[in-house]
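Notes follow once the structure below has been shown.
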Amino acid sequence: MRLSRYFLPVLKETPAEAQIVSHRLMLRAGMLRQEAAGIYAWLPLGFRVLRKIEQIVREEMDRAGAVELLMPTLQLADLWRESGRYEDYGAEMLRITDRHERELLYGPTNEEMITEIFRAYVRSYKALPKNLYHIQWKFRDEQRPRFGVMRGREFLMKDAYSFDLDETGAKAAYNRMFVAYLRCFKRMGLSAIPMKAESGPIGGELSHEFIVLAQTGESGVFLDRRILDLPIPGEDVDYDGDLEPVVTAWTSRFYAATEDVHDAARFAETPEGERVTARGIEVGQTFFFGDKYSKPMKAVVSGPDGVERPVQMGSYGVGISRLLGAIIEASHDEAGIIWPDAVAPFGVGIISLRPGDALVDAACESAYAALTSAGLEPLYDETDERPGGKFAAMDLIGLPWQLIIGPRGLAEGNVELKRRASGERRSLPLDQALAAITG
RNA sequence: CGGGGCGUAGCGCAGCCUGGUAGCGCAUCUGCUUUGGGAGCAGAGGGUCGCAGGUUCAAAUCCUGCCGCCCCGACCA
């Protein structure tokens with residue numbers, strides 16, 4: 001992408017409404033525009049990152065055997081009356097009436113609808129297990145939206161729902177999602193730690209929150225440092241195999257809890273040198289809730305014995321839009337965002353220090369073509385801005401690499417390659433710089 | 001939902017107390033000079049002062065109501 005053709009409204013000054021660093025940086029980097037409290041337009045740069053995160057989640061869900069579908073944002077109130085939650089949910093639910101005076105709601109989650117879909121088609125245990133997921137916008141009318149995308153009212157979420165004949169099967173389904181979550185967050189460059197959670201209004205018994213450690217996190221967390229070194233299953237993980245040992249290692253070997261459920265006495269059993277008190281951001285949550293919805297909504301399947309039983313369910317959420325905030329909170333410096341490679345909106349920024357100079361133009365174009373065909377998605381700054389502004393903007397938007405090309409370097413046969421994360425800069429010939437980036 | 005605060009040019013702000021024809025910085029546009037970490041000079045454009053009432057000869061400024069947004073707390077992904 002050539003910057004002159006792109007839409008990247010970076011701001012030199014910080015808008016007054018933004019308090020926390022991720023919100024400030026997203027506004028300054030031209031990723032996001034607030035349209036109302038907790039409601040945002042995703043500008044091109046932000047949208048690119050959103051799609052990258054979404055795609056990682058999608059790939060890991062698919063790998064774990066989940067099947068993608070797409071449910072609507074609007075749901076009928078009657079569906080929620082079946083589970084009793086239409087009354088329970090309160091003012092957080094955005095309620096809408098259509099021209100026929102029919103009561104609708106903008107979905108804050110989809111347990112009822114997925115249960116309705118499942119029961120319409122599945123009658124036999126032979127169709128199980130199943131895991132259906134979608135990635136869709138949700139709305140919760142928060143009393144006090146804040147922290148930018150971290151606590152918006154409208155947010156993009158992946159939610160998966162598992163269906164099994166019995167608890168044993170449901171636990172295996174839970175374990176598959178648990179492992180998939182470990183992999184998802186790691187791929188995004190995050191350390192997300194599963195912590196035992198209260199299940200909240202969605203209800204259920206077995207539940208974990210996946211917490212990203214960040215100094216500016218919303219809640220306090222307590223953990224055993226050693227949990228950070230636990231291995232995460234690779235791409236070749238066998239989702240048909242027994243994942244219980246992995247889950248057990250992450251959930252029972254070392255202490256890790258949010259302040260809500262913190263047990264000081266148990267934490268004290270952790271060796272003093274290993275105890276960490278930190279802050280964290282929840283980016284995902286897993287629940288097993290059995291027949292909480294299937295029973296009242298009559299989603300039943302016949303078992304091998306011919307007896308009909310409510311299906312055993314779990315749900316598994318990932319806050320896709322919130323993850324942008326979490327990643328920035330966990331990865332930034334004074335100058336701006338530092339994107340992990342896997343979610344960076346562009347892989348490399350090419351900075352032309354002298355557009356119009358024949359040698360510089362030729363080197364830039366050649367680098368742009370090579371990096372494009374290598375799939376690096378370069379952002380090529382060929383605008384007429386001054387160098388200082390270009391450097392500052394490139395640092396702000398946080399692309400992993402900067403390839404800086406100017407007449408002074410070229411006279412010596414070199415370009416400059418900067419790694420955003422470390423700040424390390426090297427002068428080297430263009431072909432070597434390209435090899436370093438693509439290698 | 002309790003408490004506090006703020007709405008003035010695209011962004012950041014001053015002006016309001018003490019009413020008298022709306023200002024600063026950045027950004028934008030034009031010209032010249034500059035060009036490796038947010039340049040200089042000269043000029044220009046851009047605002048129903050959140051909205052609606054009221055008081056007054058006169059309202060950004062005083063009064064009333066409403067709307068929007070932010071912060072702390074409770075709550076939540």
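Keep in mind the model is a prediction, meaning the values are calculated, not measured. In the text below, chain A, chain B and the rest are named by the order of the sequence lines, each starting its count at 1.
- Residue contacts for Ala18(A): at a heavy-atom cut-off of 4.0 Å it reaches no nucleic acid atom on any strand shown.
- A heavy-atom distance below 4.0 Å to RNA chain B is reached by these residues of residues 344-363 of chain A, ordered by number: Leu353(A), Arg354(A).
- Against RNA chain B, the stretch residues 413-422 of chain A makes heavy-atom approaches under 4.0 Å through Glu416(A), Lys418(A).
- You'll find that the side chain of Asp395(A) is closest to G37(B), out of A74(B), G37(B), U34(B).
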Considering only nitrogen or oxygen atoms on both sides, find all protein atoms under 3.5 Å from nucleotides 24-32 of chain B and state each distance.
from: G25(B); atom 1: N2; to: Glu13(A); atom 2: OE1; distance (Å): 2.8

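- Because its NZ or CZ atom is not both nearer than 6.0 Å to the ring centre of Tyr255(A) and within 45° of the ring axis, Arg266(A) does not count as a cation-pi partner of that residue.
- Side-chain atoms of Arg146(A) and base atoms of C69(B) include no donor and acceptor less than 3.5 Å apart.
- Spacing between atom CD of Glu142(A) and atom P of C70(B) amounts to 13 Å, rounded to whole angstrom units.
- A donor and an acceptor atom, one from each side chain of Gln136(A) and Asn110(A), are nowhere located under 3.5 Å apart.
- Nucleic acid contact for Gly406(A): base, since at least one base atom lies under 4.0 Å from a heavy atom of the residue.
- The stretch residues 40-49 of chain A does not touch RNA chain B, since none of its heavy atoms comes less than 4.0 Å from the strand.
- For Arg151(A), counting side-chain heavy atoms from C-beta on, the closest listed nucleotide (G12(B), A74(B), U35(B)) is A74(B).
- For the pair Glu54(A) and Lys158(A), the salt-bridge criterion is not met [side-chain N within less than 4.0 Å of a carboxylate O].
- No engagement by Pro9(A) is indicated, since no non-hydrogen atom pair under 4.0 Å with the nucleic acid exists.
- Within the nucleic acid shown, Arg33(A) has no heavy atom closer than 4.0 Å to any nucleic acid atom.
- In this entry the distance linking CG of Asp141(A) with C1' of A77(B) reads 15 Å, nearest Å.
- Of the N and O atoms on the side chains of Thr383(A) and Glu385(A), not one donor lies less than 3.5 Å from an acceptor on the other residue.
- When heavy atoms are screened at a 4.0 angstrom cut-off, Ala91(A) is found touching no nucleic acid atom at all.
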Polar-atom pairs under 3.5 Å, protein N or O versus N or O of nucleotides 1-8 of chain B: list them with distances, or write none.
none

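- In this structure, Gly388(A) reaches the sugar-phosphate backbone alone: every heavy-atom distance under 4.0 Å involves primed, P, OP1 or OP2 atoms, never a base.
- Among residue pairs with one or both ends in residues 50-83 of chain A, those qualifying as ring-ring contact (aromatic ring centres under 6.0 Å, His included) are Trp80(A)-Tyr89(A); sequence neighbours excluded.
- With a cut-off of 3.5 Å on both Watson-Crick or G-U wobble distances, the partner of C6(B) is given as G68(B).
- Close to A39(B), at under 4.0 Å from its OP1 or OP2, lies a side-chain N or O of Arg386(A).
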